[in-house]
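Scroll down for the structure; my scribbles are underneath it.
For clarity, every value in this text was computed on a predicted model and none was experimentally measured. Numbers restart at 1 for each chain; the letters A, B, ... are given by sequence-line order, proteins then strands.
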Amino acid sequence: GQQVMQIPQYQHVQEGEDFTTYCNSSTTLSNIQWYKQRPGGHPVFLIQLVKSGEVKKQKRLTFQFGEAKKNSSLHITATQTTDVGTYFCAATGGSYIPTFGRGTSLIVHP
Amino acid sequence: NAGVTQTPKFQVLKTGQSMTLQCAQDMNHNSMYWYRQDPGMGLRLIYYSASEGTTDKGEVPNGYNVSRLNKREFSLRLESAAPSQTSVYFCASSEALGQGKAFFGQGTRLTVV
């Protein structure tokens, strides 16, 4: 079955530093989605990537989908304390059943 | 427009007890999902319903059953709770299976003692 690896598991940064989380799949994907979960909260949708090599931006967040549609990344520029939370990728293959990565917990030190 | 509503928010069960987690969405979505979340494990799919009238097993279905009561409602039942089922449970819905934005409920924190 589809396996999704997400790294790193944790990332400590000083406020203002950049942050990147990576998601890698063992199979070619139909799409990949990114979610953010605040401590004690529920996952909230950020974005969906569908096309090979796609790059999308949301303010300080940049999302990329690899050319082979097997990997993706989320990059945050100049982190703020409001960015604290766990970021999950959700990968969907040919079966259209989403598989979540284990998440990357971002801790921002003021 | 409430989105996805889960009940209850918290529950403590004794080993062997049964309970049903309720989930309803008001967005006319076709697909609904039940996940469990354990520390360091991400979200693991228990069961899903691609459309009204269908349900399928996900990654971790053992010990659970589901019912897609109608297009709005998707319930999760624990017939005989075990301590290993202590977890946070999330219901989610999307317009189509695995495509587009998924909306999550607030979660149910279940403890089995």
Side-chain angles (χ1 to χ4, degrees), chain A residues 1-11 21-51 56 58 63 65 69 74 85-105 107, chain B residues 2-10 21 23-25 27 29-51 54-61 66 87-110:
Chain A
Q2 184 174 280
Q3 295 184 1
V4 179
M5 291 289 295
Q6 191 174 353
I7 57 170
Q9 187 176 1
Y10 299 95
Q11 183 79 58
T21 173
Y22 300 90
C23 190
N24 296 296
S25 169
S26 57
T27 59
T28 302
L29 302 172
S30 300
N31 68 64
I32 194 160
Q33 299 174 352
W34 287 92
Y35 292 81
K36 177 183 179 180
Q37 184 177 25
R38 295 183 186 274
H42 61 281
V44 175
F45 176 85
L46 293 175
I47 209 154
Q48 175 172 279
L49 304 172
V50 179
K51 299 177 183 177
K56 287 189 176 180
Q58 290 179 349
F63 304 84
F65 203 8
K69 297 183 71 174
L74 158 59
T86 301
Y87 294 84
F88 293 96
C89 62
T92 301
S95 67
Y96 290 99
I97 302 169
T99 300
F100 277 77
R102 294 191 176 190
T104 297
S105 294
I107 301 100
Chain B
V4 178
T5 304
Q6 277 183 246
T7 55
K9 288 186 169 52
F10 300 93
L21 280 65
C23 176
Q25 51 92 7
M27 295 169 283
H29 284 169
N30 289 302
S31 300
M32 298 185 74
Y33 317 81
W34 275 105
Y35 293 94
R36 61 176 288 171
Q37 185 173 36
D38 303 293
M41 296 297 292
L43 291 140
R44 292 184 291 170
L45 185 62
I46 304 171
Y47 272 92
Y48 65 97
S49 172
S51 60
T54 70
T55 60
D56 284 288
K57 295 178 180 179
E59 180 187 354
V60 288
V66 291
S87 188
V88 180
Y89 292 85
F90 288 101
C91 176
S93 71
S94 64
E95 196 167 326
L97 183 66
Q99 300 176 69
K101 184 175 183 177
F103 292 79
F104 282 77
Q106 299 291 317
T108 297
R109 282 160 174 73
L110 175 66

Which atoms of Tyr10(A) come close to chain B, meaning under 4.5 Å heavy atom to heavy atom: side chain ones, backbone ones, both, or neither?
neither
Which region of Gln6(A), side chain (C-beta onward) or backbone (N, CA, C, O), has a non-hydrogen atom less than 4.5 Å from a non-hydrogen atom of chain B, or is it both or neither?
neither
At a heavy-atom distance under 4.5 Å, which candidate from Ile97(A), Leu46(A), Val4(A), Thr86(A) has the highest pair count against chain B?
Ile97(A)
Rounded to the nearest 0.5 Å, how far apart are OG of Ser94(B) and CD of Gln48(A)?
9.5 Å
In Å and rounded to the nearest 0.5 Å, what is the CZ to CE distance from Phe100(A) to Met41(B)?
14.5 Å
So what's closer than 4.5 Å to chain A heavy atoms on [X]: side chain, backbone, both or neither?
X         : answer
Arg109(B) : side chain
Glu59(B)  : neither
Leu45(B)  : side chain
Phe103(B) : neither

Between Asn31(A) (side chain only) and Gly100(B) (backbone N and O only), is there a donor and an acceptor less than 3.5 Å apart?
no
Least distance between heavy atoms, [X] atom then [Y] atom:
X         : Y        : answer
Pro98(A)  : Tyr35(B) : CG-OH, 3.5 Å
Leu43(B)  : Pro43(A) : CD1-CG, 3.8 Å
Lys101(B) : Tyr35(A) : C-OH, 4.4 Å

Mark yes when over 12 heavy atoms from residues, nucleotides or ligands other than Phe45(A) sit less than 6.0 Å from its CZ; otherwise mark no.
yes
Assess whether atom CD of Gln58(A) is packed by more than 12 heavy atoms of other residues, nucleotides or ligands within 6.0 Å.
yes
